[in-house]
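Heads up: the structure comes next, in C-alpha cells.
Note that the numbering runs from 1 along the sequence shown for the chain. Note: hydrogens, waters and symmetry copies are ignored here, and every other heavy atom, side chains too, is used.
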Amino acid sequence: MDAVTQLQRQLVDYTNTLFHEGFLDEQFNQLQQLQDESNPDFVVEVVSLFFQDSERLLNELAKILEQQNIDFKKVDAHVHQLKGSSSSIGAQTVQRVCIAFRNSCEEKNIEGCQKCLQHVKHEYTLVKNKLETLFKLEQQVLAAGGTIPMY
C-alpha cells in the first residue's frame with residue numbers, strides 16, 4: 001500500500017470513528033457535499049466560523065452565569081444559538097448537551113446551568129480537537145498528492 005492510499009485509509013477510518021462515536025452526524029456529510037473545486041476550503045471555513053462563534057458564546061455564558069441576578073432569557077438565547085450552530089455543522093455531542101442546558105434554563109436552575117456549561121465546554125473542546133485532527137489528516141492526503149475520499 002503506497003503512502004497516499006495509507007493516508008486516505010487513515011482519513012476514512014478516523015472520519016468513520018467520529019460518526020460511530022457520535023461526535024458528528026449526517027449534517028457534516030451534507031456540509032462536505034457543498035464543497036467543490038470552486039470553494040475547496042468551504043468546510044474548514046464554516047467550521048472555523050463555528051469555532052469562533054462558539055468560543056464567544058461560551059465566554060458570554062460564563063460571564064452571565066457569574067452574575068448575581070442571572071438573565072435566564074439571555075442564557076437560553078445564547079445556548080439556542082450554540083445549539084443551532086453545532087447542529088448546522090453536525091457536531092452532535094455539543095447539540096445534545098445544549099438541549100439539557102436549555103432545560104436547566106427553563107427551570108431557572110443555576111447549578112444545572114453551571115454544570116451544563118462545563119459539560120458543553122468539554123464536548124466543544126473534544127469536537128474542536130477531533131475536527132482539527134480531521135483537517136490535518138486531509139491536508140496530509142492533499143500534500144502527498146492524493147484526493148480526499150468521499151465518505
Q: Kindly indicate, with the supporting measurements, whether the criterion side-chain contact (heavy atoms from CB on, under 4.5 Å) is fulfilled by Val94 and Val120.
A: CA-CA 6 Å; Val94 175; Val120 80; 4.0 Å; yes
From [X] atom [atom1] to [Y] atom [atom2], the distance as rounded to the nearest 0.5 Å:
X: Asp76; Y: Gln81; atom1: CG; atom2: CD; result: 11.5 Å
X: Cys105; Y: Leu65; atom1: SG; atom2: CG; result: 7.5 Å
X: Ile110; Y: Ile70; atom1: CD1; atom2: CD1; result: 4.0 Å
X: Phe50; Y: Ile89; atom1: CZ; atom2: CD1; result: 4.0 Å
X: Asn109; Y: Gln114; atom1: CG; atom2: CD; result: 9.0 Å
X: His78; Y: Lys63; atom1: NE2; atom2: NZ; result: 9.5 Å

Minimal non-hydrogen separation, [X] against [Y], with atom names:
X: Ser54; Y: Ser85; answer: OG-OG, 4.5 Å
X: Pro40; Y: Glu37; answer: CD-O, 3.4 Å
X: Val43; Y: Leu31; answer: CG2-O, 3.8 Å
X: Cys116; Y: Val97; answer: O-CG1, 3.9 Å

Would you say that [X] contacts [Y] through its side chain, given a criterion of any heavy-atom pair below 4.5 Å between the two side chains?
X: Thr133; Y: Lys136; answer: no
X: Asp36; Y: Phe42; answer: no
X: Leu126; Y: Thr93; answer: no
X: Gln95; Y: Asp25; answer: yes
X: Leu117; Y: Leu58; answer: yes
X: Ile64; Y: Phe72; answer: no
X: Glu45; Y: Leu49; answer: no
X: Thr125; Y: His122; answer: no

Quick check against the 3.5 Å criterion: does [X] have a side-chain atom that pairs as donor or acceptor with the backbone of [Y]?
X: Gln8; Y: Val141; value: no
X: Gln92; Y: Phe23; value: no
X: Gln27; Y: Ser87; value: no
X: Asp41; Y: Val44; value: no

Q) Are Arg56 and Asp53 close enough, and set up right, to give a salt bridge (Lys or Arg N to Asp or Glu O under 4.0 Å), and what steps lead you there? A) CA-CA 5 Å; Arg56 178 186 60 78; Asp53 194 44; 2.6 Å; yes
**Q.** Under 3.5 Å side-chain donor-acceptor pair for Asn103 and Glu106
**A.**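 The criterion, which ignores hydrogens and geometry beyond distance, is not satisfied for Glu106 and Asn103.
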Q) Should we count CD of Gln67 as having more than 12 external heavy atoms under 6.0 Å? A)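 More than 12 heavy atoms, drawn from other residues, nucleotides or ligands, come within 6.0 Å of this atom.
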Q: Kindly work out whether a path of hydrophobic side-chain contacts (I/L/V/M/F/W/Y, heavy atoms less than 4.5 Å apart) joins Phe135 to Leu142.
A: yes
Q) Can you get from Leu7 to Val4 by hopping between Ile, Leu, Val, Met, Phe, Trp and Tyr side chains that sit under 4.5 Å apart? A) no
Q: Test Arg96 against Glu123 for side-chain contact (heavy atoms from CB on, under 4.5 Å), laying out the working first.
A: CA-CA 10 Å; Arg96 280 197 302 260; Glu123 291 300 333; over 6 Å; no
Q: Report the residue from Leu131, Thr15, Thr17 that forms a side chain to side chain contact (heavy atoms under 4.5 Å, CB included) with Leu24.
A: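 Result: among Leu131, Thr15, Thr17, Leu131 is the only option passing the side chain to side chain contact (heavy atoms under 4.5 Å, CB included) with Leu24.
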Q) Can Lys128 and Glu55 be counted as an ion pair, charged N to O under 4.0 angstrom? A) yes
(Q) The test is side-chain contact (heavy atoms from CB on, under 4.5 Å); show your working for Tyr124 and Leu57 and say whether it passes. (A) CA-CA 11 Å; Tyr124 164 75; Leu57 289 168; over 6 Å; no
Q | Asn39 and Gln35: CA distance, side-chain angles, deciding distance, side-chain contact (heavy atoms from CB on, under 4.5 Å) verdict | A | CA-CA 6 Å; Asn39 197 355; Gln35 183 166 293; 5.8 Å; no
